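Okay, structure first, notes after.
Within every chain, numbering begins at 1; the chains are lettered A, B, ... in the order of the sequence lines, protein sequences first and strands thereafter. Not measured: the values here are computed from a predicted model.
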Number of protein chains: 2
Amino acid sequence: MEYAGRGDAARTMMLLWDGLPAPQRGPRQRLDLPRIVDTAIAEADRAGPSALSMRSLAQALGIGAASLYTYVPGKAELLELMVDRVAGTQSLPSAANGWQTGLRDLAESDLANYRAHPWLLQIATSRTVFGPNVIARYEAALALLDGLDLPALDIANHIATLDSYTRGAAAPVVEAEQAFSHTGNTDDEWWTARAPLLDERLNNRFPHLTALATRGAFTVSSTTQPYTLQRALDRFTHGLSLLLDALTTRVTTAKTTT
Amino acid sequence: MEYAGRGDAARTMMLLWDGLPAPQRGPRQRLDLPRIVDTAIAEADRAGPSALSMRSLAQALGIGAASLYTYVPGKAELLELMVDRVAGTQSLPSAANGWQTGLRDLAESDLANYRAHPWLLQIATSRTVFGPNVIARYEAALALLDGLDLPALDIANHIATLDSYTRGAAAPVVEAEQAFSHTGNTDDEWWTARAPLLDERLNNRFPHLTALATRGAFTVSSTTQPYTLQRALDRFTHGLSLLLDALTTRVTTAKTTT
DNA sequence: CTCATACTCCGAACAGTGTACGGTCTAGTG
DNA sequence: CACTAGACCGTACACTGTTCGGAGTATGAG
């Protein structure tokens with residue numbers, strides 16, 4: 001369940017950019033690729049990433065499991081198609097309010113994307129899916145940093161850094177959200193189950209940790225959200241601000257030295 | 001293959017901190033927990049994360065598959081044990097050369113850990129494993145930021161940010177490395193297989209992207225490493241520097257306002 | 001010493017998974 | 001009309017994690 005990009009490169013590219021060519025001979029296709037991908041996304045959203053099986057997907061589509069393979073070479077390719085498709089549903093950032101707000105919007109809509117489709121974090125942990133929508137998003141990010149007199153390499157690196165951070169920091173958010181929605185508890189029961197067991201072990205063994213805890217480092221600002229979720233969200237925006245600050249410094253010093 | 005922390009909390013804590021209690025009655029245990037965990041790590045390192053099955057692990061240990069369940073409640077718990085164990089093999093940072101170098105060392109030894117054990121990135125994408133070694137690492141990170149007059153919440157957030165970034169940016173590095181070691185090619189064949197297919201599609205459709213490419217943004221400084229790997233490494237240190245810069249700014253401004 | 005008890009170990013089975021194969025049937029082309 | 005490309009799919013294969021029940025073993029109790 002963790003693979004992507006293992007499929008035939010040419011075939012995948014074809015599917016991503018041109019879709020499925022209509023067959024010349026033989027019976028009509030009962031389904032079309034977008035519908036398959038959409039149903040797969042819906043299934044994965046609803047039942048969790050590991051619950052998306054070729055059989056269950058086929059059943060949801062009203063066809064046999066083996067028939068799926070006439071549309072898609074395998075599950076890996078299907079996942080790539082899903083990734084690119086959901087990338088297309090998110091809004092692209094605008095440079096209207098400055099590049100900083102643009103980048104922030106980009107990161108936050110990425111976060112929204114991860115939250116809407118938790119399976120994104122479980123698959124394809126690294127390889128970029130070179131689909132039209134993914135690349136369009138990258139292009140939009142580049143557009144934001146255009147005209148700032150940055151070295152080309154820095155532009156690519158800055159955006160890669162933001163992407164890496166977003167993905168890494170989105171994971172705890174999504175996890176907290178899922179734990180919440182699965183158990184349905186107001187507080188995180190995973191945490192409350194471990195806290196007493198943990199306290200026992202930490203006794204006097206980790207001074208900085210306990211000091212920080214008593215200083216309230218693990219408390220959270222508001223409690224409109226479940227505890228763990230709110231903390232993950234706080235941390236996401238905290239780190240994002242850090243990165244944007246660093247970028248701002250780089251840009252202005254680059255400008256002044258020019 | 002992507003779950004962790006689903007097991008019984010109390011039992012997992014026991015295993016993580018106290019190990020397996022020796023049985024009072026019945027035949028001697030043929031194996032011990034550390035040996036199981038170590039073999040599991042070795043297997044996962046060698047054959048990839050998805051190749052680690054309970055059956056293959058049992059075979060490598062010379063016992064039946066079902067016997068594993070007398071040592072470990074399930075695969076999820078085994079993975080947690082593996083995570084904590086490898087966390088213990090990495091060196092802890094020292095504050096001798098300042099907290100910035102300390103944090104940099106921490107992030108870089110985390111990266112080394114991900115490179116040595118690629119399966120780390122595939123499992124437990126979010127939930128912290130509350131094992132002794134993992135917590136010891138966290139404690140060491142806290143110690144670095146101690147005495148800098150930072151608000152408690154900021155300390156926790158800073159470290160969380162670094163962790164998120166490290167994980168996110170380590171993923172491309174590990175992926176590039178694995179693609180290289182699997183194919184054994186000097187250059188990344190995944191990339192070369194897709195490049196011509198990609199060029200075809202990108203024609204005049206993504207101006208910023210093509211402009212950046214011609215300006216050499218996707219080239220790499222040295223070529224002692226495979227192309228994709230070196231680029232991922234460059235990006236890792238680039239983003240790490242960005243974050244450390246931002247942290248330095250925060251710390252100094254906090255000091256001057258005090 | 002006896003023996004029940006608690007425990008390890010494991011073969012077999014269960015319900016899954018992704019995917020390959022070969023056959024059946026349909027629909028457009030020469 | 002005959003032909004054949006190709007959609008559709010039942011079945012099978014080699015896996016997966018985990019459970020069950022039985023067989024064997026070492027220990028503590030009486």
Side-chain angles (χ1 to χ4, degrees), chain A residues 1-8 11-12 15 19-33 35-36 40 43-44 47-82 119 122-124, chain B residues 1-8 11-12 20-33 35-36 40 43-44 47-82 119 122-124:
Chain A
M1 187 57 66
E2 64 274 348
Y3 40 104
R6 295 261 171 250
D8 179 19
R11 185 120 167 69
T12 310
L15 289 176
L20 200 68
Q24 263 67 0
R25 305 279 253 283
R28 290 264 163 64
Q29 294 184 290
R30 252 176 247 184
L31 270 41
D32 52 329
L33 203 66
R35 197 164 136 208
I36 292 183
E43 282 290 296
S50 45
L52 176 69
S53 72
M54 297 302 261
R55 275 180 249 269
S56 68
L57 173 60
Q59 195 178 357
L61 286 163
I63 61 170
S67 308
L68 276 177
Y69 289 85
T70 60
Y71 295 91
V72 160
K75 196 180 181 180
E77 290 81 357
L78 175 61
L79 289 173
E80 288 200 57
L81 292 175
M82 291 165 67
W119 43 269
Q122 234 102 15
I123 63 170
Chain B
M1 186 58 66
E2 64 276 348
Y3 39 104
R6 294 262 173 250
D8 179 19
R11 185 122 166 68
T12 310
L20 200 69
Q24 262 68 1
R25 305 279 251 281
R28 292 266 160 63
Q29 294 184 293
R30 255 176 244 185
L31 270 41
D32 52 329
L33 203 65
R35 197 165 137 207
I36 292 182
E43 282 290 295
S50 44
L52 176 71
S53 71
M54 297 304 259
R55 274 182 250 269
S56 67
L57 173 60
Q59 194 177 356
L61 287 163
I63 60 169
S67 307
L68 276 177
Y69 290 85
T70 59
Y71 295 91
V72 160
K75 196 180 182 182
E77 290 81 357
L78 175 61
L79 289 173
E80 289 200 57
L81 292 176
M82 292 165 65
W119 44 268
Q122 234 101 13
I123 63 169

Is the closest side-chain heavy-atom distance between [X] and [Y] below 4.5 Å?
| X | Y | result |
| --- | --- | --- |
| A:L52 | A:M82 | yes |
| B:I36 | B:L68 | yes |
| A:L57 | A:L78 | yes |
| B:L20 | B:Q29 | yes |

Over how many whole Å does the gap from [X] atom [atom1] to [N] atom [atom2] extend?
| X | N | atom1 | atom2 | value |
| --- | --- | --- | --- | --- |
| A:L52 | C:dT17 | CG | P | 10 Å |
| A:L33 | D:dA7 | CG | P | 12 Å |
| A:I36 | D:dA7 | CD1 | P | 11 Å |
| B:L61 | C:dC9 | CG | P | 11 Å |
| A:L20 | D:dG6 | CG | P | 12 Å |
| A:L57 | C:dT17 | CG | P | 12 Å |
| A:L68 | C:dG18 | CG | P | 10 Å |
| B:Y69 | D:dG22 | OH | P | 21 Å |

**Message:** Given C:dC9, C:dC10, C:dG18, identify the nucleotide with an atom nearest to the side chain of B:Y71.
**Reply:**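 Between C:dC9, C:dC10, C:dG18, the one nearest the side chain of B:Y71 would be C:dC9.
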
Of the options C:dT19, C:dC9, D:dG17, whose atoms approach the side-chain atoms of B:S67 most closely?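 Ranking C:dT19, C:dC9, D:dG17 by closest atom to the B:S67 side chain puts C:dC9 first.
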
query = Is the backbone of B:L31 close enough, under 3.5 Å, to the side chain of B:Y71 for a donor and an acceptor to pair up by distance?
reply =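 At least one qualifying donor-acceptor pair exists.
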
Practice prompt. Look at the side chain of B:K75 and the backbone N and O of B:S53, then say whether any donor-acceptor pair between them is shorter than 3.5 Å.
Written response: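 Such a contact is absent between B:K75 side chain and B:S53 backbone.
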
**Prompt:** Does a distance-only test, which skips hydrogens and angles, find a donor-acceptor pair under 3.5 Å between the side chain of A:R55 and the base of C:dG16?
**Reply:**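 No, the side chain and the base share no sub-3.5 Å donor-acceptor pair.
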
### Message
For DNA chain D, which residues of residues 21-31 of chain B approach it to below 4.0 angstrom with any heavy atom?
### Response
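Within residues 21-31 of chain B, the residues near DNA chain D are B:Q24, B:R25, B:G26, B:P27, B:R28.
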
Rounded at 0.5 Å granularity, tell me how far CD in B:E43 sits from CH2 in B:W119.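 It is 12.5 Å, given to the nearest 0.5 Å.
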
Please figure out whether B:I63 or A:M54 has its closest DNA chain C nucleotide nearer the 5' end.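 Nearer the 5' end of the strand: B:I63.
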
